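Here the structure is laid out as structure tokens; the discussion comes afterwards.
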Amino acid sequence: MSEFVFAPPAIPSVAVAGSSQRFPVHCIYCVSHNYATPGREISSEPPVFFMKPADAIVANGAAVPYPSRTTNCQHEIELVVALGRKGRDISERQALEHVFGYAVGIDLTRRDLQRSAKQWGQPWDAAKAFEGSAPVAAIRPAALGHVSQGRIWLTVNGELRQESDVKHMLWDVRHIIAELSTLYEVRPGDLVFCGTPAGVGAVRRGDRLEGGVEGLEVLRITIGSARGPD
Ligand code: MN
């Protein structure tokens, strides 16, 4: 057996509610612009996907270091779908058979870098795919029910910032999985962040963020000081 040139990193994983087993993360896909806003109540275009590295996962209860190169890091509370079965070109009818479970996540975003990227037609990676950018609470297995509606909310230091219902997603979970699987072969371990409702805003060092989706474990993180040199 060949040896690695250095010790490989641990496999990123997420807790599973009611279990001592963990969900090993493969890819993190994210959907942008998935809630109705005034003037845009229906989905006229297919969803746009971007990715985060699997090790951007942050455990529930942890502190996320304030990221570098931004003065406008923002919270986006999202329903997260965890996939448990691989597939390509999955039909909407069969899409839920690929779901392992559901969780609450925050898509942390360096908004200033995203705005600049949009302006210049550049990739979003630096805005979206940084260390600590994907806090996720425990996954509730789909055996306990699929999520097609329910309140989604986020508070900062106890003050309500985001509130909607996941039934207002422009593309529902079935459609997102079907569409995603035409672009990529989805795998067990994939997570899909389903987009955020209105009310996104900047976070500051020391902020306490709490967010939830009805029926799922509440996600709580704090924003720590800037990451120092390792
Ligand atoms: Mn998002």
Side-chain angles (χ1 to χ4, degrees), residues 12 14 25 27-38 40 43-58 60 64 66-67 70 72-83 102-119 122-137 139 147 150-156 160-173 175-177 179-180 183-184 186 190-203 207 209-213 216 218-221 223:
V14 178
V25 178
C27 286
I28 304 175
Y29 298 104
C30 306
V31 179
S32 68
H33 300 107
N34 197 21
Y35 281 80
T37 52
R40 188 167 175 278
S43 53
S44 50
E45 316 114 45
V48 171
F49 294 98
F50 59 90
M51 296 176 76
K52 293 175 186 269
D55 64 2
I57 289 290
V58 174
N60 200 359
V64 178
Y66 193 88
T70 183
N72 192 7
C73 177
Q74 297 199 349
H75 54 76
E76 298 188 356
I77 188 69
E78 309 204 1
L79 173 68
V80 177
V81 180
L83 301 182
Y102 298 87
V104 174
I106 298 176
D107 167 16
L108 286 172
T109 302
R110 293 193 273 215
R111 192 72 69 203
D112 38 7
L113 298 192
Q114 187 191 30
R115 286 186 181 135
S116 169
K118 283 181 175 177
Q119 181 181 353
Q122 293 168 344
W124 286 13
D125 302 56
K128 291 288 196 177
F130 53 91
E131 312 94 274
S133 61
V136 178
I139 297 167
V147 177
R151 181 174 178 252
I152 180 169
W153 56 275
L154 179 133
T155 62
V156 178
L160 189 63
R161 293 279 186 88
Q162 293 188 263
E163 185 176 33
S164 185
D165 191 298
V166 295
K167 74 182 178 193
H168 296 314
M169 295 198 305
L170 298 171
W171 304 286
D172 64 12
V173 171
H175 187 87
I176 289 169
I177 293 170
E179 185 74 20
L180 180 66
L183 287 164
Y184 307 98
V186 298
D190 287 346
L191 296 176
V192 187
F193 279 62
C194 292
T196 198
V200 300
V203 299
D207 279 348
L209 276 59
E210 281 192 18
V213 170
L216 305 181
V218 172
L219 175 61
R220 293 181 176 90
I221 59 165
I223 305 299

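Remember, it's 1-based here, ligands and their atoms both numbered in the order they're listed. Predicted, not measured: the structure shown is a model, and the values here were computed from it.
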**Q.** side chain to side chain contact (heavy atoms under 4.5 Å, CB included) between L83 and I177, worked out
**A.** CA-CA 9 Å; L83 301 182; I177 293 170; 3.9 Å; yes
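Less than 2.8 Å away from the Mn ion (ligand 1), the protein contributes these N/O/S atoms: E76 OE1, E78 OE2, D107 OD2.
Under the 6.0 Å cut-off for aromatic ring centres, Y184 and F49 do not qualify, their centroids lying 6.0 Å or more apart.
Evaluation of the side-chain contact (heavy atoms from CB on, under 4.5 Å) rule for L209 yields H75, I106, V156, V203, D207, I221, I223 as partners, not counting sequence neighbours. Partners of A56 under the side-chain contact (heavy atoms from CB on, under 4.5 Å) rule, at least two apart in sequence or in another chain, are K52, P53, S133, A134. Considering only residues two or more places apart in sequence or on other chains, W153 meets the ring pair (Phe, Tyr, Trp, His ring centres under 6.0 Å) condition with none of them.
Ring-plane geometry between W124 and F50 is classed as tilted, the angle between the planes lying from 30 to 60 degrees on a 0 to 90 degree scale.
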